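To start, the structure under review is shown below, and the notes come after it.
By convention in this document, chain letters (A, B, ...) are assigned in the order of the sequence lines, proteins followed by strands, and residues within each chain are numbered from 1. The figures that follow rest on heavy atoms only: side chains count, while hydrogens, waters and symmetry mates do not. It should be emphasised that the depicted structure is a prediction, and the values quoted were computed from it without experimental measurement.
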Number of protein chains: 2
Amino acid sequence: MEAEGLIAHDVLAVVLRITGTVPSVLLWQRAREPQDGRWALPGGRLGAAEDVEASVRRHLAEKVDLAEVAHVEQLSVFSDPHRGPAPRRVATAFVGLVPSDADPAVPADTAWHPVDALPPTAFDHGDITRAGLERLRAKLSYTNIGFALAPEAFTISELRRLYAAALGHRVSATNLQRVLTRRGVLVPTGTTAAPGPSGGRPAALFRFSERALRVTDPFATLRPPSCDPSGSS
Amino acid sequence: MEAEGLIAHDVLAVVLRITGTVPSVLLWQRAREPQDGRWALPGGRLGAAEDVEASVRRHLAEKVDLAEVAHVEQLSVFSDPHRGPAPRRVATAFVGLVPSDADPAVPADTAWHPVDALPPTAFDHGDITRAGLERLRAKLSYTNIGFALAPEAFTISELRRLYAAALGHRVSATNLQRVLTRRGVLVPTGTTAAPGPSGGRPAALFRFSERALRVTDPFATLRPPSCDPSGSS
DNA sequence: GCAAAAGTGTTCCCCGTACACCCATGT
DNA sequence: ACATGGGTGTACGGGGAACACTTTTGC
């Protein structure tokens with residue numbers, strides 16, 4: 001099929017953002033065959049002088065302000081020979097996260113869609129989207145990746161809403177604050193937000209101590225002995 | 001550089017196996033330029049009618065008996081434009097695991113090398129190997145991936161040796177048994193091994209309850225409420 | 001004062017760790 | 001008997017979950 005085994009390599013981005021109480025993904029509507037009218041993930045061809053991460057950032061810049069994308073990480077390669085029409089294409093997919101307060105301007109053909117109610121998607125982009133959300137959910141548990149979903153400063157209630165939306169289940173504000181504080185990923189700013197129209201105590205504002213990915217829960221089990229981390233027998 | 005943006009796509013396998021008290025990787029020695037004499041990971045060109053996983057299995061079959069490879073999973077894409085000489089190549093790397101009792105016949109140019117004492121490696125294969133070992137170490141903590149390092153049946157002492165070698169630190173046989181049993185990944189076979197020449201109580205033999213990857217430690221934190229797993233507010 | 005929203009204190013319990021102690025076999 | 005290696009019982013502690021209670025605001 002391909003001349004001499006050379007294959008077109010694409011990059012794709014699953015850009016996620018919490019909208020209201022659900023996670024949404026950035027999709028654009030195709031306006032030509034194949035898959036005319038269907039919704040596709042942003043992305044494009046890998047260029048000659050860039051690695052896949054640089055490439056996905058370049059393509060993403062056509063759809064959103066890159067400054068709004070707080071985190072990008074590689075997800076997986078999708079290479080089923082029949083994942084699209086000929087000619088054959090291999091794609092490296094990424095996950096990108098946009099804070100909930102950023103509402104980047106997007107082109108007319110582009111929009112956010114709740115992941116649990118996707119419109120007709122192009123090729124295997126629906127599967128890739130769901131894989132991206134699963135990655136986010138897993139990392140919320142044992143890393144500080146929440147920084148990429150949250151505004152610079154936020155109340156615990158807002159953070160609870162973001163975590164609950166991303167995870168798809170209720171989250172206790174009490175325990176969320178305690179866990180993240182204990183791990184040192186959450187620090188108070190010292191300022192407070194104004195109460196709502198119906199009153200209530202003003203909420204303290206917090207921020208993430210770092211805005212880069214860090215594993216905060218070195219897995220519970222099979223950790224090295226408390227002292228003397230050397231030796232293997 | 002490439003005609004019309006078409007790129008050669010390779011697959012590579014970091015095949016790991018516990019040898020003695022250290023993890024080793026399967027490498028073959030190149031016998032022509034570029035990188036003549038250096039040691040490389042098994043792999044090759046992605047074919048037209050296969051996805052990357054099928055491809056890596058096909059290439060691996062040239063070096064080892066595939067039946068001995070108990071687990072294969074995708075690792076990452078390596079795509080730095082300067083990761084090798086022109087023409088440009090993109091590689092999808094995999095991790096493969098071989099049980100310690102299997103000692104597959106390998107071609108004359110191929111051998112196992114301890115990961116912490118690699119010979120001169122070709123291209124970026126040393127980095128890829130270390131990334132593969134890191135993946136194994138992480139998954140040992142929260143999955144049943146040990147099944148791919150262990151024989152069909154084994155004593156707790158043998159299993160302890162495998163975990164200690166892979167993780168690079170001491171592991172308590174007592175707690176290893178308890179943790180894995182509590183998670184239901186380890187089941188007794190009912191038989192025992194013969195004691196060594198110096199006596200000692202005969203060891204009970206165990207096996208893994210499943211020989212397919214399963215996440216056994218749904219992360220400690222941020223799990224859904226104990227009851228009523230629905231709703232998100 | 002009362003409702004509403006935020007934050008804290010307390011208790012419970014799971015589960016990994018550490019370590020002492022008991023069991024089965026060879027010489 | 002006693003040494004050697006295998007297995008079990010038990011106590012400790014960290015940390016997440018649940019929930020009651022206090023604090024601060026608007027009306």
Side-chain angles (χ1 to χ4, degrees), chain A residues 140-143 146 153-161 163-164 167 169-206 216-229 233, chain B residues 140-143 153-161 163-164 167 169-206 216-229 231 233:
Chain A
L140 277 174
S141 289
Y142 65 97
T143 73
F154 47 84
T155 65
I156 298 297
S157 292
E158 285 168 27
L159 193 64
R160 185 194 62 76
R161 178 179 64 82
Y163 272 71
L167 291 168
H169 62 72
R170 281 179 296 114
V171 172
S172 151
T174 296
N175 295 328
L176 183 65
Q177 175 179 8
R178 205 185 321 258
V179 167
L180 296 184
T181 300
R182 180 149 52 195
R183 292 179 178 175
V185 318
L186 221 55
V187 294
T189 64
T191 58
T192 58
S198 60
R201 175 175 169 171
L205 289 172
F206 291 81
T216 56
D217 187 15
F219 299 112
T221 186
L222 301 178
R223 64 184 139 230
S226 31
C227 55
D228 181 25
S233 70
Chain B
L140 277 174
S141 290
Y142 66 97
T143 73
F154 48 84
T155 66
I156 298 298
S157 291
E158 288 169 26
L159 193 64
R160 184 195 62 75
R161 178 180 64 81
Y163 272 71
L167 290 169
H169 61 72
R170 281 178 297 113
V171 171
S172 151
T174 296
N175 296 328
L176 184 65
Q177 175 179 7
R178 201 184 324 256
V179 167
L180 296 184
T181 300
R182 181 148 52 194
R183 293 178 177 175
V185 317
L186 220 56
V187 293
T189 64
T191 58
T192 57
S198 60
R201 173 173 169 175
L205 290 172
F206 291 80
T216 57
D217 187 14
F219 299 112
T221 184
L222 301 180
R223 61 183 141 234
S226 30
C227 55
D228 180 25
S233 71

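- Applying the side chain to side chain donor-acceptor pair (under 3.5 Å) test to residues at least two apart or on different chains, the pairs with a partner in residues 191-204 of chain B are B:Thr189-B:Thr191.
- The two residues B:Tyr163 and B:Leu180 come nearest to each other via the heavy atoms OH-CD1, 3.9 Å.
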**Item:** Strand DNA chain C as a dot-bracket string - pairs counted if Watson-Crick or G-U with both distances under 3.5 Å, | where the partner lies in another strand
**Value:** |||||||||||||||||||||||||||

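- Residues that satisfy the side-chain contact (heavy atoms from CB on, under 4.5 Å) test with B:Thr155, not counting sequence neighbours, are B:Ser157, B:Glu158, B:Ala193, B:Ala203, B:Leu205.
- Between B:Phe154 atom CZ and D:dG7 atom P the separation is 12 Å, expressed in whole Å.
- Atoms CZ (A:Arg161) and C1' (C:dA5) sit 16 Å apart, rounded to a whole Å.
- The phosphate of D:dG16 has OP1 or OP2 within less than 4.0 Å of a side-chain N or O from A:Arg182.
- At a threshold of 4.5 Å between non-hydrogen side-chain atoms, the residues B:Asn175 and B:Gln177 do not count as touching.
- Every residue two or more places apart in sequence or in another chain that forms a ring-ring contact (aromatic ring centres under 6.0 Å, His included) with B:Phe154 is listed here: B:Phe208.
- Across all non-hydrogen atoms, the minimal contact from B:Val185 to B:Thr216 is CG1-CG2, 3.4 Å.
- The distance between atom CG of B:Leu186 and atom P of C:dG16, rounded to the nearest whole Å, is 14 Å.
- Remark: A:Ala173 pairs with A:Ile156, A:Arg160 by the side-chain contact (heavy atoms from CB on, under 4.5 Å) rule, at least two apart or across chains.
- The distance from atom CG of A:Asn175 to atom C1' of D:dA17 is 5 Å, rounded to the nearest whole Å.
- In plain terms, the two heavy atoms of B:Tyr142 and B:Arg183 that are nearest each other are CA-NH1, 4.3 Å.
- Between B:Leu159 and B:Phe206 there is no side-chain heavy-atom pair separated by less than 4.5 Å.
- Taking atom CG of residue B:Leu176 and atom P of nucleotide C:dA18, one finds them 13 Å apart after rounding to whole Å.
- Regarding B:Glu158, its CD atom lies at a distance of 11 Å from the P atom of D:dG7, rounded to whole Å.
- One can place CZ of B:Arg170 at 10 Å from P of C:dC19, the figure rounded to the nearest angstrom.
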Do any N or O atoms of the protein come closer than 3.5 Å to N or O atoms of nucleotides 6-8 of chain C, and which pairs are they?
residue : atom : partner  : partner atom : Å
C:dA6   : OP1  : A:Ser157 : OG           : 2.9
C:dA6   : OP2  : A:Ser157 : OG           : 3.0
C:dG7   : OP1  : A:Ala204 : N            : 2.3
C:dT8   : OP2  : A:Gln177 : NE2          : 3.4
C:dT8   : O4   : A:Thr174 : OG1          : 3.1

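- Summarising the geometry, the separation between OH on B:Tyr163 and C1' on C:dG16 is reported as 15 Å, rounded to the nearest angstrom.
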